[in-house]
Amino acid sequence: MRARSKGQRVPDRRYILVIDVGGTHVKFRIGPHGAIREFKSGPKMTPGRMTRQVCKLLGERRYDAVSIGYPGLTYHGRIAAEPHNLGTGWVGYDFATAFERPVRLINDAAMQAIGSYRGGRMLFIGLGTRLGVTLIIDRVVEPTEVGHMPYKRGRTFEECVGERGRKYLGNKRWRKAVREVIRDLTAAFEPDYIVLGGGNARRLKKLPRDASLGNNDHAFAGGRRLWDPHSGVITSVSAAWQDARRRR
């Protein structure tokens with residue numbers, strides 16, 4: 001199914017379905033107080049299978065809009081590349097038709113970063129199955145593909161500190177590698193503060209200076225903020241340019 005564009009009204013935050021798609025699990029929640037539910041994903045998880053399973057588990061529960069955090073490259077609200085840890089068919093899939101609701105889609109690390117943002121210049125590092133890195137600078141969100149860039153000894157950042165890297169190195173050496181990655185990314189991006197998220201962040205025994213431990217629930221808060229016209233967070237450079245023009 002191919003994505004289609006629709007006019008979108010602002011939904012009631014109580015009825016926004018937020019879906020956080022990960023390499024091992026899919027988690028979802030309706031509104032700020034709904035129960036968080038999940039099911040396993042993995043290399044056979046296609047977008048069709050994911051949407052059918054979410055709809056099955058939701059039953060007749062009301063939701064008026066959907067936010068999706070996708071574990072891969074996105075561009076202007078669309079999936080730009082197939083995921084590394086899931087099945088195929090994600091590029092061009094029409095989630096709005098599948099859910100019969102308006103949908104907003106963003107990189108999963110960016111969605112959690114938006115939920116964690118406190119202003120200024122923030123670097124978000126998601127330590128999970130993959131390595132997700134997102135910058136938010138003066139409210140403008142910039143997801144990156146740092147995880148797939150070459151880093152050390154012929155390995156990428158993600159291969160060093162993602163889940164496969166942790167299993168290969170063991171927890172002690174993995175923690176040291178994480179400290180080195182944070183040091184190098186801090187030197188490159190010069191953030192005011194760092195938020196560490198993802199399921200493996202809890203494995204760190206000591207946090208670096210200016211870093212705090214995020215909460216995976218922030219992904220759901222970020223998904224709701226995607227629909228909030230007063231959130232103050234801008235999710236693309238083009239939108240930032242338009243915002244600057246309006247302020248002149």
Side-chain angles (χ1 to χ4, degrees), residues 69-76 80-81 106-163 165-166 169 173-219 221-223 225-226 231-245 247-248:
Y70 169 75
L73 182 64
T74 65
Y75 182 72
H76 286 194
I106 195 169
N107 171 268
D108 60 340
M111 190 165 76
Q112 190 171 347
I114 291 169
S116 307
Y117 185 59
R118 305 190 304 270
R121 188 182 182 102
M122 183 190 77
L123 173 64
F124 176 85
I125 300 174
L127 299 165
T129 306
R130 346 171 6 253
L131 173 69
V133 179
T134 293
L135 277 170
I136 304 183
I137 302 174
D138 297 332
R139 303 184 300 118
V140 179
V141 182
E142 189 56 47
T144 78
E145 285 297 299
V146 165
H148 301 298
M149 292 177 60
Y151 183 48
K152 287 183 177 181
R153 301 181 183 91
R155 295 184 179 183
T156 64
F157 281 86
E158 186 172 296
E159 287 170 335
C160 290
V161 296
E163 176 62 6
R166 186 191 69 81
L169 293 172
R173 292 171 60 201
W174 174 81
R175 292 187 189 106
K176 181 175 184 292
V178 169
R179 290 195 297 270
E180 292 174 352
V181 164
I182 293 172
R183 177 199 65 201
D184 293 342
L185 293 181
T186 299
F189 295 126
E190 299 183 334
D192 298 327
Y193 59 101
I194 303 162
V195 175
L196 303 175
N200 280 338
R202 60 183 171 80
R203 299 180 185 274
L204 299 174
K205 290 187 174 181
K206 185 178 179 180
L207 298 181
R209 179 184 174 186
D210 297 325
S212 63
L213 201 60
N215 186 322
N216 280 348
D217 289 352
H218 289 166
R225 291 183 77 179
L226 290 179
S231 70
V233 176
I234 301 170
T235 57
S236 72
V237 173
S238 62
W241 178 76
Q242 292 168 8
D243 181 67
R245 289 192 65 186
R247 291 170 180 268
R248 288 177 184 172

Check: Asn107 side chain, Thr74 main-chain N or O, donor-acceptor pair, under 3.5 Å: no

Minimum side-chain heavy-atom gap Ile194-Leu185 below 4.5 Å: no

Heavy-atom donor-acceptor pair, Glu158 side chain to Leu131 backbone, under 3.5 Å: yes

Taking every non-hydrogen atom, the tightest pair across Ile182 and Thr186: O-OG1, 2.7 Å

Full working for side-chain contact (heavy atoms from CB on, under 4.5 Å) between Val195 and Arg118: CA-CA 10 Å; Val195 175; Arg118 305 190 304 270; 4.3 Å; yes

Point-to-point distance, once rounded to the nearest 0.5 Å, from CD1 of Ile106 to CZ of Arg225: 11.0 Å

Heavy-atom closest pair, residues Glu159 and Arg155: OE1-CA, 3.3 Å

Presence of salt bridge, Arg166 and Glu163, under 4.0 angstrom: yes

Those residues that, when tested against Ala80, pass side chain to side chain contact (heavy atoms under 4.5 Å, CB included) (two or more places apart): Leu73, Tyr75

Verdict with supporting geometry, Ile136 and Phe124, side-chain contact (heavy atoms from CB on, under 4.5 Å): CA-CA 8 Å; Ile136 304 183; Phe124 176 85; over 6 Å; no

Closest non-hydrogen atom pair, Cys160 against Tyr151: SG-CD2, 3.8 Å

Smallest separation among heavy atoms of Thr134 and Pro143, with atom names: OG1-CA, 3.9 Å

Nearest-0.5 Å distance that lies between atom CZ in Arg139 and atom OH in Tyr117: 7.5 Å

side-chain contact (heavy atoms from CB on, under 4.5 Å) assessment of Asn200 paired with Trp174: CA-CA 10 Å; Asn200 280 338; Trp174 174 81; 3.8 Å; yes

Over all atoms of both residues, closest heavy-atom pair of Phe157 and Val146: CD1-O, 3.4 Å

Step-by-step side-chain contact (heavy atoms from CB on, under 4.5 Å) determination, Leu204 to Arg175: CA-CA 6 Å; Leu204 299 174; Arg175 292 187 189 106; 4.3 Å; yes

Residue pair His218 / Ser116: nearest heavy atoms and the distance that separates them: ND1-OG, 3.1 Å

Test item: Arg130 side-chain N/O and Gly147 main-chain N/O as donor-acceptor pair under 3.5 Å: no

